[in-house]
Asks: 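Let me begin by handing over the structure; questions about it come next.
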Amino acid sequence: MSLKNRIVLNCLPRHVAIIMDGNGRWALQKGKDRNYGHRKGVDTVREIIETSAELGIQYLTLYAFSTENWNRPWEEVEALMELMVHSLNNETKKLVNNNIVLKVIGDIDRLSAGVRESLDYTLEQTSKCNGMTLIVALSYSSRWEMVKAVRDIAYKIKEGKIDPANIDDKIFENYLTTRNIPDPELLIRTSGEIRISNFLLWQLAYSELYFTETLWPDFGKEDLYKALIEYQKRERRFGKTSEQLHENGN
Ligand code: IPE
Ligand code: IPE
Ligand code: MG
């Protein structure tokens, strides 16, 4: 049976998040510069977006650039930003044709006017789509997001609009950039690194984690199928016992 046929389509994760890692190493292995790897990584992005939408995944979050990535050599940061603009300009039509809504999470005020302009255009063009939601984490880190949430809540308290006694998970979530987006059931990280790197720390509380040695430019649809098959073998207990889950017919 093909890998694709082994996926149980009515038990797909609603939301898949991916830490796309390994572009630099992929390029260096081929004797090329790191930016060559980033350019190749865009082809993988395209394939994974198309495959996810085709399967019926509702939310796909891609970690494209972290707060910490601003500390890379400026030539690399600049090349990544240019690649972002180029990809947005090239792909907007296809996103719309595939009915994909784009959302961005992150500190976009740090992006240049040029990048923001391209982003705004694609955000606007895809805003009426109602198929898969593609969330790009750009200039994003979870600590930035949580500190911002705390700050915004503190202002509301000062204005008398929130009573501290009422703050719970739901209120806190409303102040995160992922407001109204369900938590990812599955997190994939490529390139063999076994860490979260400041990504969705709150939202991943109960996600299934899947790590693969494959470098991002080599990650293809078959690799996504493998991750989904592995996810479907996991028992998601949320603190309960296995017996409890079976008693309830889950
Ligand atoms: C991931 O690949 C892309 C970004 C973080 C922007 P890397 O650039 O981190 O590649 P490695 O980890 O150095 O191989
Ligand atoms: C994580 O990759 C960020 C993105 C994929 C955008 P990094 O390559 O920056 O992560 P670390 O620094 O190795 O943990
Ligand atoms: Mg890396």
Side-chain angles (χ1 to χ4, degrees), residues 15-49 52 59-88 90-91 102-112 114-116 118-119 122 134-148 176-178 181 184 186-204 207 209-220 223-224 227:
H15 184 173
V16 176
I18 307 183
I19 303 178
M20 312 183 285
D21 198 13
N23 293 349
R25 276 164 285 166
W26 182 89
L28 295 181
Q29 281 173 9
K30 299 200 152 32
K32 310 267 189 186
D33 64 279
R34 296 178 51 82
N35 293 334
Y36 178 75
H38 294 315
R39 287 197 295 278
K40 189 63 178 35
V42 174
D43 295 339
T44 304
V45 169
R46 205 177 292 120
E47 178 168 338
I48 295 308
I49 293 173
S52 304
Y59 298 87
L60 174 68
T61 299
L62 300 177
Y63 202 7
F65 192 86
S66 71
T67 303
E68 289 76 19
N69 290 150
W70 286 112
N71 298 323
R72 290 194 176 191
W74 70 266
E75 296 91 340
E76 183 168 344
V77 171
E78 207 165 71
L80 281 166
M81 292 299 151
E82 267 173 34
L83 196 57
M84 187 66 63
V85 171
H86 191 74
S87 309
L88 285 166
N90 278 344
E91 301 299 322
L102 177 72
K103 292 205 183 304
V104 177
I105 56 171
D107 188 2
I108 49 170
D109 291 345
R110 289 185 73 174
L111 301 171
S112 71
V115 180
R116 266 181 292 159
S118 293
L119 262 182
T122 313
L134 169 66
I135 301 135
V136 177
L138 194 53
S139 187
Y140 173 90
S141 75
S142 205
R143 287 187 177 182
W144 164 80
E145 173 182 50
M146 287 200 263
V147 167
K148 183 180 181 306
L176 294 174
T177 58
T178 50
I181 298 171
L186 172 64
L187 170 81
I188 298 172
R189 181 171 189 150
T190 59
S191 91
E193 307 300 348
I194 318 287
R195 56 176 172 263
I196 301 294
S197 301
N198 217 348
F199 189 46
L200 301 176
L201 300 178
W202 170 277
Q203 297 86 342
L204 294 176
S207 306
L209 309 182
Y210 178 88
F211 297 98
T212 168
E213 292 287 329
T214 306
L215 302 172
W216 180 249
D218 287 330
F219 191 85
D223 298 287
L224 179 64

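The model shown is predicted, which means the values in this text are computed figures rather than measured ones. Whatever order the structure lists them in is the order used to number ligands and atoms, beginning at 1.
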Asks: For ligand 1, which atoms, with element, lie under 4.0 Å from some heavy atom of H38?
Replies: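 The list of qualifying atoms is 3 (C), 8 (O).
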Asks: Any side-chain donor-acceptor pair under 3.5 Å between E76 and H38?
Replies: yes
Asks: Using a strict cut-off of 2.8 Å, how many protein N/O/S atoms surround the Mg ion (ligand 3)?
Replies: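 Under the 2.8 Å cut-off, the count stands at 1.
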Asks: Nearest 0.5 Å, please: how far is CG in L209 from CG in L186?
Replies: 8.5 Å
Asks: Could I get the full list of side chain to side chain contact (heavy atoms under 4.5 Å, CB included) partners for S66, not counting sequence neighbours?
Replies: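 Residues passing side chain to side chain contact (heavy atoms under 4.5 Å, CB included) with S66: Y63, E68, N69.
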Asks: Identify, with sequence neighbours excluded, every residue that meets ring-ring contact (aromatic ring centres under 6.0 Å, His included) alongside Y36.
Replies: W26
Asks: How far does OG of S139 sit from CD1 of I108, to the nearest 0.5 angstrom?
Replies: 9.0 Å
Asks: Is R39 salt-bridged to D43, cutoff N-O under 4.0 Å?
Replies: no
Asks: Can you tell me if K40 has over 12 outside heavy atoms packed within less than 6.0 Å of its NZ?
Replies: yes
Asks: Is the closest side-chain heavy-atom distance between L204 and P184 below 4.5 Å?
Replies: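 SC-SC contact between L204 and P184 confirmed.
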Asks: Within a distance under 4.0 Å of any heavy atom of R34, pick out the atoms of ligand 1 and give their elements.
Replies: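 So the answer, numbered in order with elements, is 7 (P), 8 (O), 10 (O), 13 (O).
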Asks: Identify all pairs of nitrogen or oxygen atoms, one from ligand 2 and one from the protein, separated by less than 3.5 Å, and list them with distances.
Replies:
residue  : atom   : partner : partner atom : Å
ligand 2 : 8 (O)  : D21     : OD1          : 3.2
ligand 2 : 8 (O)  : R72     : NH2          : 3.3
ligand 2 : 9 (O)  : N69     : ND2          : 2.9
ligand 2 : 9 (O)  : R72     : NH2          : 3.4
ligand 2 : 10 (O) : R189    : NH2          : 3.3
ligand 2 : 13 (O) : R195    : NH2          : 2.8
ligand 2 : 14 (O) : R195    : NE           : 2.7
ligand 2 : 14 (O) : S197    : OG           : 2.6

Asks: Compare all side-chain heavy atoms of L88 with those of L102 and state whether any distance is below 4.5 angstrom.
Replies: yes
Asks: Below 30° counts as parallel, above 60° as perpendicular, anything between as tilted: where do the rings of W216 and F219 land?
Replies: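 Rings of W216 and F219: parallel, under 30°.
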